[in-house]
Amino acid sequence: MHGLKAGLLGSIAAAVIILAILPAVANYGVFYPPALVLMTILVAIALYVYFSFKRALGERWFSRLGPPVIAASAAGVLMLWLGESLGAVVIAIAYFGEPVLGYFVYRKLLSTDKRGRRSSSPRPRHMPILYPPC
């Protein structure tokens, strides 16, 4: 499996792992070995998702911004494995890149209808415009 569907499924898997990491870190701290193992798996999933979306999106900025965000996350996890608490800060900073990368996926999904065909309009008629709360 590859492309947009693979990237979306990988993103769902990452979300489930993040939901497992959060209570572990809250209860046992960032140096808790099972949480570190899950964070390492999360970096591997991030690579899989990046390459899946890269092929599907063909977006220049996605391709340029993805590697530094993933590399920063990986560096933060490595720092945690080495006992450096600054690794948690590096991971937190890296995750500011996630919504930027997610924007390109969102834009692709907006331009694709339910049957997988590209829509002629920038926003399919069956999908409402969602505004963030003020």
Side-chain angles (χ1 to χ4, degrees):
M1 180 178 1
H2 63 279
L4 194 60
K5 186 176 181 180
L8 292 171
L9 290 175
S11 293
I12 291 170
V16 170
I17 291 174
I18 290 169
L19 289 174
I21 291 172
L22 289 175
V25 168
N27 290 319
Y28 303 108
V30 293
F31 299 112
Y32 183 54
L36 290 174
V37 169
L38 289 175
M39 288 182 216
T40 305
I41 292 169
L42 202 54
V43 170
I45 291 173
L47 285 170
Y48 172 77
V49 168
Y50 168 74
F51 286 115
S52 296
F53 280 145
K54 181 180 173 186
R55 277 185 235 121
L57 299 177
E59 178 67 46
R60 184 179 79 216
W61 283 106
F62 182 88
S63 298
R64 288 182 181 175
L65 296 172
V69 169
I70 296 169
S73 297
V77 172
L78 177 62
M79 290 171 73
L80 290 176
W81 274 111
L82 296 174
E84 295 289 329
S85 60
L86 187 60
V89 175
V90 172
I91 293 169
I93 291 170
Y95 275 101
F96 278 104
E98 292 290 328
V100 175
L101 295 171
Y103 167 75
F104 298 108
V105 177
Y106 172 76
R107 197 171 70 186
K108 174 72 173 183
L109 291 173
L110 255 164
S111 67
T112 305
D113 71 13
K114 288 184 179 181
R115 293 185 191 99
R117 295 178 299 187
R118 295 208 33 103
S119 174
S120 59
S121 67
R123 182 179 60 82
R125 292 181 189 208
H126 61 274
M127 182 174 282
I129 295 176
L130 302 175
Y131 295 101
C134 295

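What you see is a predicted model; the values in this text were computed from it and never measured.
To the nearest 0.5 Å, atoms CG (Leu4) and CG (Leu9) are separated by 10.0 Å. Expressed to the nearest 0.5 Å, how far CD1 of Ile21 lies from CG of Leu42 amounts to 5.0 Å. For the atom pair OG of Ser73 and CG of Leu78, the computed distance is 12.5 Å after rounding to the nearest 0.5 Å. Taken from CG in Leu86 to CD1 in Ile91, the straight-line distance is 10.0 Å, to the nearest 0.5 Å.
Here the closest heavy-atom approach between residue Ala13 and residue Ile45 is recorded as CB-CD1, 4.5 Å. What you find for Gly7 and Ser52 is that their closest heavy atoms are N-CB, 3.6 Å. Minimum heavy-atom separation, Leu38 to Ala20: CD1-CB, 4.1 Å.
Ring to ring, Phe62 and Tyr50 are close: their centroids are under 6.0 angstrom apart.
A salt bridge links Glu59 to Arg107: one of the charged nitrogens lies within less than 4.0 Å of a carboxylate oxygen.
Under the 4.5 Å side-chain heavy-atom criterion for ILVMFWY residues, no single connected hydrophobic cluster contains both Met79 and Met39. No single ILVMFWY cluster, assembled from side-chain heavy atoms under 4.5 Å apart, contains both Leu22 and Val89. Under a hydrophobic clustering in which Ile, Leu, Val, Met, Phe, Trp and Tyr are joined whenever their side-chain heavy atoms come within less than 4.5 Å, directly or via other members, Ile41 and Tyr95 fall into the same cluster. Hydrophobic clustering (side-chain heavy atoms under 4.5 Å, transitive across Ile, Leu, Val, Met, Phe, Trp, Tyr) groups Ile18 together with Tyr48. Note on Leu65 and Val49: same hydrophobic cluster, where clusters join Ile, Leu, Val, Met, Phe, Trp and Tyr whose side-chain heavy atoms are under 4.5 Å apart, directly or indirectly.
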Using a 3.5 Å cut-off and no angle test, enumerate the donor-acceptor pairs between side-chain atoms of residues 27-34 and protein atoms at least two apart in sequence or in another chain.
| residue | atom | partner | partner atom | Å |
| --- | --- | --- | --- | --- |
| Asn27 | ND2 | Pro23 | O | 3.1 |

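Among residues at least two apart or in separate chains, there is no salt bridge (Lys or Arg N to Asp or Glu O under 4.0 Å) pair with a member in residues 60-85.
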Leu8/Leu109 under side-chain contact (heavy atoms from CB on, under 4.5 Å): CA gap, chis, key distance, verdict: CA-CA 10 Å; Leu8 292 171; Leu109 291 173; 4.1 Å; yes

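For Trp81, the side chain to side chain donor-acceptor pair (under 3.5 Å) test picks out Thr40, with sequence neighbours left out.
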